[in-house]
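Just below is one structure, and these are the notes that go with it.
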Amino acid sequence: MSSETGIDSSRSGAKEREIYDVAIVGGGVVGCAIARRFVLEGAKVILLEKGVDILSGASKANSAILHTGFDAPAGSLELQCVQAGYKEYLEIFRNFNLPILKTSAYVVAWTEEQLARLPDIEKHAHQNNVTNVHLIDREALLKSEPHLSNTALGAVAVPGEYVIDPWSSPLGYLTQAVLNGAAVRFGYDVAGGQFDGDTWQLKSSTQESIHTKFIINCAGLYGDYLDQSLLGKSEFLIKPRKGQFIVYDKSASALLNAIILPVPTERTKGIVLTRTIFGNLLLGPTAEEQDDRSNTSVTQNELENLKIAAENMVPDLKNMPVTATYAGLRPASECKEYRVFEYQEKNWITAGAIRSTGLTSSLGLASHIFAQYSKMTKPHTPPENIKTPKMPNLAEHAPRDWTQPGYGEIVCHCEMVTKREIDNALSSVIPAHDLSGLKRRTRATMGSCQAFYCSARLAELTKNRLSHDLSIARNGDDNE
Amino acid sequence: MTMSDNHLQVDVAIIGAGPAGLAAATELRKRGIKSIIILERESEAGGIPRHCGHPPFGMREFYRVLTGPKYAARLVEQATNAGAKILTRHSVTCILPHGELEVATPNGMINIAAKRVLIATGVREKPRSARLVTGTRPQGITTTGALQSMIYLKGLIPFKRPVIVGTELVSFSAIMTAFKGGIKPVAMIEKNNRITARHPCELIASFKHVPIYFNTELETIVGTSKVEGVNVTHNGESRMIDCDGVIFTGNFTPEVSLARLSHLKIDPASGGLEIDQFARCSDPAYFAAGNILRPVETAGWSYREGRTVGALIADDLENNLPTNEPEIFCKCEAPIKLVVPQRIIPGQSGGFNKLQLRVTRAVKGKMIIEDDHGIIWQKNMSVIPERRILIPLSSLDLKEGTKILKFYFKE
């Protein structure tokens, strides 16, 4: 593990004068994939994340679907990156021990008007070279999805849409980057920077300097701000779109096989019902525009509306308990396309407005950005003997840690998280620094009881090992 | 008990070493049933009372007032002395037809074949997410159960000035637990105009100077990394309460996660396993007892229910239970929340001799039970949520051929 990883932002000293080839600002899914690609191509990389962990912003919440690009705008960069990312994920996931759930998807029509639009969706998919997309009638749909409401009128089948692990994949990408030489700095908030025509000197809000020849802006919800503050201009404007999600109990996942997509509207892909890799059923997102770039509160009204929408699609959901609710912000912009800008005179590339499809497209986007970068700089020598991490399996359909002897104890019973998994997550290449990071690395507390049973044991096991302790004191401690 | 490699054969496997499971094991041993194992996923047996470091427990079972942990220890000792085997850190991962179980242990997976299985996995409080509460999701939001295990089992303190949501019996336990950890709750909020628990529980709050705000609902949780406050509405008016934590109390839900993934039927009304009056589930190799049947009863009630069901399982192993046909299904209409058992075999004595009912809101009027032909039972009553209503089965004139009993209220 590189000494650069960790949340201690005060570490500097001799490292201060080190000059990186590339600094990636933002540790979302895009930043992680770009760090991996650049390291594999031989660049000396540092990733700067202002949060205490990766995926702290826009990437925190998504539908975890591996998209084929069947519905992406024709000729768009988004389509190109989604399809390249899809292909690369299928090439690498086994080596990383990452999961895939080959669910397929149905775009379901619930009204005559939507039904009339299905042939166009099929045609568009074929134009996007997703040739196995086809129309199916109501009977075939209900036969393959018997729990779907019989008010469904027909569907477009998209056999290539799959479900993946939205958390372990980017963590795997960045872990590979670190194993092969990348540095990662958490808690690094870019506050300013100067370019002398050859090298950037970045400053954090705590005055820590980083020297780098090139900068890639993957700052997600703050991408336009970063361009403005360091380049003096931004060619795009982030318009945060909040999406609320509901996670149903694991038993609900038996109600569906495929991902159920709506016929999209101009504005949004709409509300999706999908199994998750973790064995739950996921519902969402809403699409609520807001100015605030950090507020991800859930609202009872919207959640109840989501539930009603889901129960109309799958009536048996009425008796299914809700396990979790959450919300995330998508970095949408004023137009429906990725906003990638190159500023050769500034040694700078911005990857902005990577909206809903970022999980799939990130690997493709990383290659695209490296290709753009290569046009502006001297070539690097790719490393020999590339190391690839084996990620801990969190997928429900593959053997979890508890099936292997020697796990010690089950700490979280709902998600069957073992003490061995917790220990590993606290000491891995990119370890968990807070509860949220531990949850995402292990699934602890994410199950139906939401920590009723395990929070105390978890607090005990993680005491003094997280940046925010789960407890504020020990009983009897002199605290205040 | 025979064991070969990873396969275990027993007369009775009990899932859950809480009051109901331990009591059933004790009773089964008293009745001479030989091989009984209790599968407990935690590192220690005893169940929820283990977390409850304050009295009163055990008055009817042991004729003295005990704290939760002492009560739990007594139950464990009683079952062990009777000859039941308790296996801790054994997590049942799969319930299969005819009493087959898959179990994870730290030494590897094992399979258990039991002639009968008792499911006694208890209840838990409904967490914030399942209540669809508005707001951010900072650290410092918990349930009473989680708070109790933090303070009593681990001596850890998650906050200093929480708001308590709810006024069930357990909500007052939350106050006592909090003070034990040096935590001073700033308020209790209750959406109705009275506390849900019985008098004189409110005296616990006033004795500890914790104000109870009635007609008050939690609207929003505020805070980024830690809870900074809650917005509540009182008679339609919004106000902010400054606090650093939220304790969601009560609103219990049977712990049926495991059963939901199995072939066993769940009753949507109770949220627990569906049983007949002999505590048999939809697969008669499976029985259920304790709070998995309904939210929520005391530890003492669960203990007595465990004893009863233990005896029924022994009867069954001796071929002394009637077949499960014909059955009458109980169906309840709002504001009646649940009826347990859900299936009745007419013309039988033994088993649960009372129906247990609950309502969803305070209601005054006539409770009516109707069969296919008309009213067979009625009574005037005034009831409030979370209080048990008991109707003796012997008071119902169940006619042959009846398919459904309808339970409703005329206000």
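Computed from a prediction, not measured in an experiment: that's the story for all the values here. In what follows, chains carry the letters A, B, and so on, assigned in the order in which the sequence lines appear, proteins first and then strands, with residues in each chain numbered from 1.
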Donor-acceptor pair, side chain of [X] and main chain of [Y], under 3.5 angstrom:
X: B:T105; Y: B:N107; value: yes
X: A:E49; Y: A:G51; value: yes
X: A:Y222; Y: A:R293; value: yes

Notebook entry, point to check: Between B:R89 and B:E44, is a salt bridge (charged side-chain N to carboxylate O under 4.0 Å, His left out) present by the stated rule, with each step listed?
Noted result: CA-CA 8 Å; B:R89 294 192 181 176; B:E44 258 180 77; over 6 Å; no
Segment of [X] engaging chain A (4.5 angstrom heavy-atom cut-off):
X: B:P127; answer: side chain
X: B:S225; answer: side chain
X: B:L258; answer: neither
X: B:R260; answer: both
X: B:T93; answer: side chain
X: B:V92; answer: neither
X: B:K226; answer: side chain
X: B:E255; answer: side chain
X: B:S149; answer: both

Top contributor to chain B interface from [options] [non-hydrogen pairs under 4.5 Å]:
options: A:L303, A:V298, A:T418, A:V322; result: A:V298
options: A:C414, A:A327, A:A252; result: A:A327
options: A:D434, A:T325, A:T323; result: A:T325
options: A:S455, A:A456, A:G406; result: A:A456
options: A:Q404, A:R420, A:H413; result: A:H413

Sort out for me which of [options] touches chain A most, counting heavy-atom pairs under 4.5 Å.
options: B:I221, B:I183, B:I141, B:T143; value: B:T143
options: B:G271, B:S91, B:A146, B:P106; value: B:P106
options: B:T134, B:T88, B:L147; value: B:T134
options: B:Q148, B:E42, B:R137, B:K126; value: B:R137

Check: Roughly how far, to the nearest 0.5 Å, is the OH atom of B:Y152 from the CE atom of B:M176?
Finding: 6.5 Å
Check: Rounded to the nearest 0.5 Å, how far does CG of A:L282 lie from CD1 of A:I277?
Finding: 12.5 Å
Item checked: Contact class of A:N319 relative to chain B, heavy atoms under 4.5 angstrom -> both
Item checked: Contacting moiety of A:A451, where chain B heavy atoms sit under 4.5 Å -> backbone
Notebook entry, point to check: Is any side-chain heavy atom of B:R128 less than 4.5 Å from a side-chain heavy atom of B:V246?
Noted result: no
Item checked: A:K307 vs A:K318 side-chain heavy atoms within contact, under 4.5 Å -> no
Next item on the list: Applying salt bridge (charged side-chain N to carboxylate O under 4.0 Å, His left out), run through B:R294 and B:D267 and close with a yes or a no.
Entry: CA-CA 10 Å; B:R294 96 263 92 193; B:D267 171 24; over 6 Å; no
Item checked: Option passing side-chain hydrogen bond (donor to acceptor under 3.5 Å, both in side chains) with B:T144 (candidates B:E168, B:H51, B:E125) -> B:E125
Notebook entry, point to check: Just checking, B:R131 and B:F248: is the charged tip under 6.0 Å from the six-membered ring centre and within 45° of the axis?
Noted result: no
Next item on the list: For residues B:Y286 and B:H263, establish whether the separation of their ring centroids is below 6.0 Å.
Entry: yes
